[in-house]
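Residue numbers start from 1 in every chain, and the chains themselves are labelled A, B, ... in the order their sequence lines are given, proteins ahead of strands.
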Amino acid sequence: MAEKIIEFVAEKIMDLSTLRHSCSHILAQAVKEIWPETKLGIGPSIEEGFYYDFDRPEPFTDQDLVRIEERMQQIIDQNEPFIREEFTKEEAMKLFKRLKEGYKLELIDEIEDERITVYKTGENFIDLCKGPHVESTGKIKAFKLLTVAGAYWHGIETNPMLQRIYGTCFEAKRELDDYLKNLEEAKKRDHRKLGLSLDLFNFYYGEAGTGLVFYHPKGAILRTIIEDYLKREHLRRGYQLVITPHIMQASLWKTSGHYDYYRENMYTLKIEAQEFVLKPMNCPGHILIYKSKIRSWKSLPLRYFELGTVYRYEKSGVLHGLLRLRGFTQDDSHIFCLEEQLKDEIKGILDFVLEVMSDFGFGELVFELSTRPKKFLGSLEIWERAEDILTESLKEKEFSFKINPGEGAFYGPKIDIKLKDALKRLWQCATIQCDFALPEKFDLGFIDSKGERKRPVMLHRVILGSLERFIGCLIEHYGGNLPLWLAPLQIVIIPIKTEHARYASEIKERFTAEGLRVDLDCRNETLEKRIRDSELEKIPYLLVIGEKEMGEKKISVRKRKEGNLGSMDIEEFIKRLTKI
RNA sequence: GCCCACGUAGCUCAGUAGGUAGAGCACAUCAUUGGUAAUGAUGUGGUCACCGGUUCAAUUCCGGUCGUGGGCUCCA
């Protein structure tokens, strides 16, 4: 039964991608009909829709998109059939030469099969395509063009840049509307917007430079809560906290190999003829600590944990809010262990990840295993063993996972874990990487039970990934409505009149003594105004204090987004909050 | 880095077909002491991102730089 459902789902996805692929053909047809000189790139369906790449000297404007959409609708209304035709490679070459579609010629050249298929629609729109397609253009019921963006031909920087038109298409208008609504919702939840309006953090691009974040007081509290949580949870699991410097001599990075392989991402500085590197990674620092004494097999596994702030030079175009920065802090750990301990360590990390994610309110995780790339370090045998161990760990934990062949780091295979947020979007957070290279480069060793010197295996792992990215993720997941334990400000007390301020202040002291984060709003504003402000600030609880509450020695509780909960006993309310 | 769009007050945005700018919110002061999402009045605040060119005159036109946004590529 379950298999059948999976098959059915797979078929549905296939159908949708066929539909979208057909829609991208209609897009190309419309563009060619309006601007016949335009050259075609490729037009596949993608996860959330489709795109088509065009080469045209003039940029597509928003008005152009509207015009193209109208033309597409006409093509759909005409319900033209998708006609499949087969050619030999030579015939196809001739055809596309006649059509002056240079990019298509390149594609044909890359096709190994002798038989080439093309699809025709309308009067004279012909596209190189292996299909499949829907029978006719009328099958498209709901589509929309979304944006125009630049994209290199074949994704290679030195190739010409084409104009990519993105669009999406669904089987029914309602699904399209839902999708567009979801996009709107995502825009509203944008962590950059919320970060500013909730006064969590800001960027001072002009003054401080780009890709660097400043935590304002509320953001700093949020981050501190997360840091304290992480430290506690790591200590509980047998990790040791370490702290390493932000700059280290270039020679160390030469030993680690970063100086040669990671150079363009590193900030270097020269001081009195001595070159230093602003650390882009924490591993070499942890390795130095490991190397500080002779290690016994009895002391392994050794787990070092650091909230390590790293700096990496990233191209300006890739920077994005908290998600991609030039300076960020990783919840980084390096585990030195025996090879036979690897599996338990990896399973332990997987458990750890699951617990942390559930504590932060994320239920769904996606696992991916990246295997040996073409260029790799270490022996084939050890790679296979490591890949087996990673695979077995995932299987024993009963996690389904996707394999990304050849996507591993050059020094070892890895597991990437992505989390799914409230809008079903995936966020890269945790990664677990085996490393056979660094123990070799730094000549790491331990003494085994027979007194022989052996080499330990090293694991690199992060759970949240970067605190910044994770905070961005949290903000978007919750739409700024952070759960009580993470809310920078948990309670705001509003005395109705100034004469209630003293009692309100006493209550504040009582809550503060319980370790709750409380503020008093004594501003000379109406009650309604102060309630509104706190709601906009997404404060979990508001306490309104007036004549009645003072008389009864109680508080009136208002919960975020839910409204007035009525009058409550103070101690009872405290119990309720601290229980969680 | 590359393609396209954009850059006006702390925030959100109007505006000037070339004659040095305006609203709401925020902030300040005063009045108001209010019972669950905006009390009223007055006021402060801008070398219109930066540099250069064209012009009698540039925030407006042109060029460059920096930055932001959507992508490509890359990634925590």
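- A donor and an acceptor atom, one from each side chain of A/S556 and A/K548, are nowhere located under 3.5 Å apart.
- Per the geometry, CG belonging to A/L145 stands 16 Å off C1' belonging to B/rC4, to the nearest Å.
- Between A/Y166 and the phosphate of B/rC72, there is a side-chain N or O to OP1/OP2 separation shorter than 4.0 Å.
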- request: For the pair A/W35 and A/E58, evaluate side chain to side chain donor-acceptor pair (under 3.5 Å) and give the outcome as yes or no after the intermediate values.
  value: CA-CA 10 Å; A/W35 299 281; A/E58 302 78 26; over 6 Å; no
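- As judged by a 4.0 angstrom heavy-atom cut-off over every strand, A/V462 is placed among residues making no nucleic acid contact.
- Residue contacts shown for A/Y205 are limited to sugar-phosphate atoms, with no base heavy atom under 4.0 Å away.
- The existence of a salt bridge linking A/K144 and A/E69 is confirmed by a sub-4.0 Å separation between a basic side-chain nitrogen and an acidic carboxylate oxygen.
- To the nearest 0.5 Å, atoms NZ (A/K554) and CD1 (A/I507) are separated by 12.5 Å.
- What separates NZ of A/K193 from C1' of B/rG69 is a distance of 11 Å, to the nearest Å.
- Rounding to the nearest 0.5 angstrom, the gap separating the CZ atom in A/F201 from the CG atom in A/L322 is 4.0 Å.
- Here A/H320 does not reach the OP1 or OP2 of B/rG71: none of its side-chain N or O atoms lies under 4.0 Å away.
- The side chain of A/R164 contributes no N or O atom lying less than 4.0 Å from OP1 or OP2 of B/rG70.
- OP1 or OP2 of B/rG71 has not a single side-chain nitrogen or oxygen of A/Y152 nearer than 4.0 Å.
- Ionic pairing of A/K402 and A/E368 is present here: one or more N-O contacts between side-chain nitrogen and carboxylate oxygen are shorter than 4.0 angstrom.
- Shown here is A/R502, whose CZ atom has no more than 12 heavy atoms of other residues, nucleotides or ligands within 6.0 Å.
- Among the protein residues, A/R192 comes within range of the sugar-phosphate backbone only, with heavy atoms under 4.0 Å from sugar or phosphate atoms but none that close to a base.
- A donor-acceptor contact closer than 3.5 angstrom links the side chains of A/Y411 and A/Q433.
- Set against B/rG70, B/rC4, B/rG71, the side chain of A/P59 has B/rC4 as its closest nucleotide.
- As rounded to whole Å, 14 Å separates atom C1' of B/rA76 from atom NE2 of A/H258.
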message: Counting primed atoms plus P, OP1 and OP2 as sugar-phosphate and everything else as base, spell out the protein contacts along nucleotides 30-37 of chain B at 4.0 Å heavy-atom distance: B, S or - for each nucleotide, 5' to 3'.
response: -BBBBBBB
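- No hydrogens or angles considered: a donor-acceptor pair under 3.5 Å links the side chains of A/T329 and A/R223.
- Distance CD1 (A/I46) to C1' (B/rG71): 11 Å, rounded to an integer number of Å.
- Stems are defined here as 3 or more consecutive Watson-Crick or G-U wobble pairs with pairing distances under 3.5 Å; those involving RNA chain B are B:1-7 with B:66-72, B:10-13 with B:22-25, B:27-31 with B:39-43, B:49-53 with B:61-65.
- Between A/T210 and the phosphate of B/rU68, there is a side-chain N or O to OP1/OP2 separation shorter than 4.0 Å.
- As judged by a 4.0 angstrom heavy-atom cut-off over every strand, A/E314 is placed among the base-contacting residues.
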